[in-house]
Amino acid sequence: MVTRICIEDDDLATICFERNITFYLTDVLTCKTRGFCFYDGEEYHVFINNRMSLNSQRKTTVHELIHIFEEHFTYEECVREKCEKEVHEIIKDFREYYNEEYSLDLIR
């Protein structure tokens, strides 16, 4: 089952609306897949595995948003590993910049 998520946070909802980002919760992903995102040419679709803990779902959401904000969908498939590394570096830098108690444990 796939369910579209209604964003309750006004700031995040505005960002998602402006960038054409839609979130979905799904239980059809394997236990090893936390989530994924794809761009259909008009809209970004972010799927989050609802079998994961709420904390894992939050981490995955941030991870997928970074892919969108860094425009990783414009890169060729062969640089996928480089994009993943870039996401992890951004999250690491974020954690180092902010005190750990505010970082929401974003490293996955």
Side-chain angles (χ1 to χ4, degrees):
M1 184 166 96
V2 176
T3 306
R4 186 175 175 160
I5 300 172
C6 180
I7 307 295
E8 294 180 10
D9 180 87
D10 290 338
D11 292 333
L12 182 57
T14 299
I15 290 168
C16 291
F17 176 79
E18 290 172 349
R19 294 184 181 245
N20 295 323
I21 303 169
T22 304
F23 289 92
Y24 305 89
L25 274 178
T26 182
D27 61 0
V28 298
L29 299 175
T30 67
C31 293
K32 291 185 178 185
T33 305
R34 293 181 182 201
F36 69 94
C37 181
F38 76 90
Y39 181 63
D40 68 7
E42 294 180 18
E43 187 174 4
Y44 295 95
H45 302 273
V46 180
F47 292 84
I48 306 297
N49 189 339
N50 69 357
R51 295 180 190 191
M52 301 293 162
S53 70
L54 184 58
N55 193 42
S56 289
Q57 290 175 18
R58 287 177 178 155
K59 291 176 186 180
T60 302
T61 299
V62 170
H63 181 98
E64 299 305 330
L65 283 172
I66 291 171
H67 281 303
I68 294 168
F69 297 153
E70 292 299 312
E71 300 179 359
H72 287 164
F73 295 91
T74 61
Y75 295 109
E76 303 222 2
E77 181 66 26
C78 63
V79 295
R80 181 174 180 231
E81 211 170 287
K82 179 181 175 189
C83 292
E84 288 299 319
K85 184 176 180 181
E86 183 177 16
V87 169
H88 289 283
E89 287 298 316
I90 289 169
I91 292 171
K92 179 182 171 193
D93 291 346
F94 178 83
R95 287 190 67 162
E96 289 174 0
Y97 182 78
Y98 292 98
N99 185 331
E100 187 134 346
E101 72 180 272
Y102 300 113
S103 70
L104 301 176
D105 193 28
L106 297 176
I107 298 293
R108 72 168 172 151

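Residue numbers start at 1 and run along the sequence shown. This is a predicted model, so every value here is computed, not measured.
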Considering residues, nucleotides and ligands other than D10, do more than 12 of their heavy atoms fall under 6.0 Å from its CG? no
Rounded to the nearest 0.5 Å, what's the gap from OH on Y44 to CD on E64? Could you check? 12.5 Å
Mind checking whether F36 and F38 have parallel, tilted or perpendicular rings, split at 30° and 60°? parallel
Are the side chain of D27 and the backbone N or O of N50 linked by a donor-acceptor pair below 3.5 Å? no
Taking atom NE2 of H45 and atom CZ of R4, what is their separation to the nearest 0.5 Å? 9.0 Å
Gap between atom CD1 of I90 and atom CD of E70 - 0.5 Å precision: 3.5 Å
Are the side chains of I91 and I66 in touch, meaning some heavy atoms are under 4.5 Å apart? yes
Euclidean distance, C37 SG relative to Y24 OH, rounded to 0.5 Å: 10.5 Å
Checking N49 side chain against T30 main chain: does a donor-acceptor pair fall under 3.5 Å? yes
With respect to H72, which candidate in E84, R80, E86 satisfies the side-chain hydrogen bond (donor to acceptor under 3.5 Å, both in side chains) definition? E86
Tell me whether L12 shares a hydrophobic cluster with L25, the cluster being built from Ile, Leu, Val, Met, Phe, Trp, Tyr side chains joined at under 4.5 Å. yes
Before giving the answer on side chain to side chain contact (heavy atoms under 4.5 Å, CB included), spell out for M52 and L29 the whole-Å C-alpha distance, their side-chain angles and the decisive distance to 0.1 Å. CA-CA 10 Å; M52 301 293 162; L29 299 175; over 6 Å; no
To the closest 0.5 Å, what do you measure between OG1 (T61) and CZ (R34)? 11.5 Å
Does the side chain of H63 come within less than 4.5 Å of H67's, by heavy atoms? yes
Sort out for me which residue in N20, I15, V46 forms a side chain to side chain contact (heavy atoms under 4.5 Å, CB included) with I68. V46
Rounded to the nearest 0.5 Å, what separates atom CD1 in I48 from atom OG1 in T3? 13.0 Å
Would a 4.5 Å heavy-atom cut-off, applied to side chains only, mark R19 and F69 as touching? yes
Check the orientation of Y39 and F73. Use parallel for under 30°, tilted for 30 to 60°, and perpendicular for over 60°. tilted
Determine whether I21 and L65 make a side-chain contact, defined as any pair of heavy atoms from C-beta on separated by less than 4.5 Å. yes
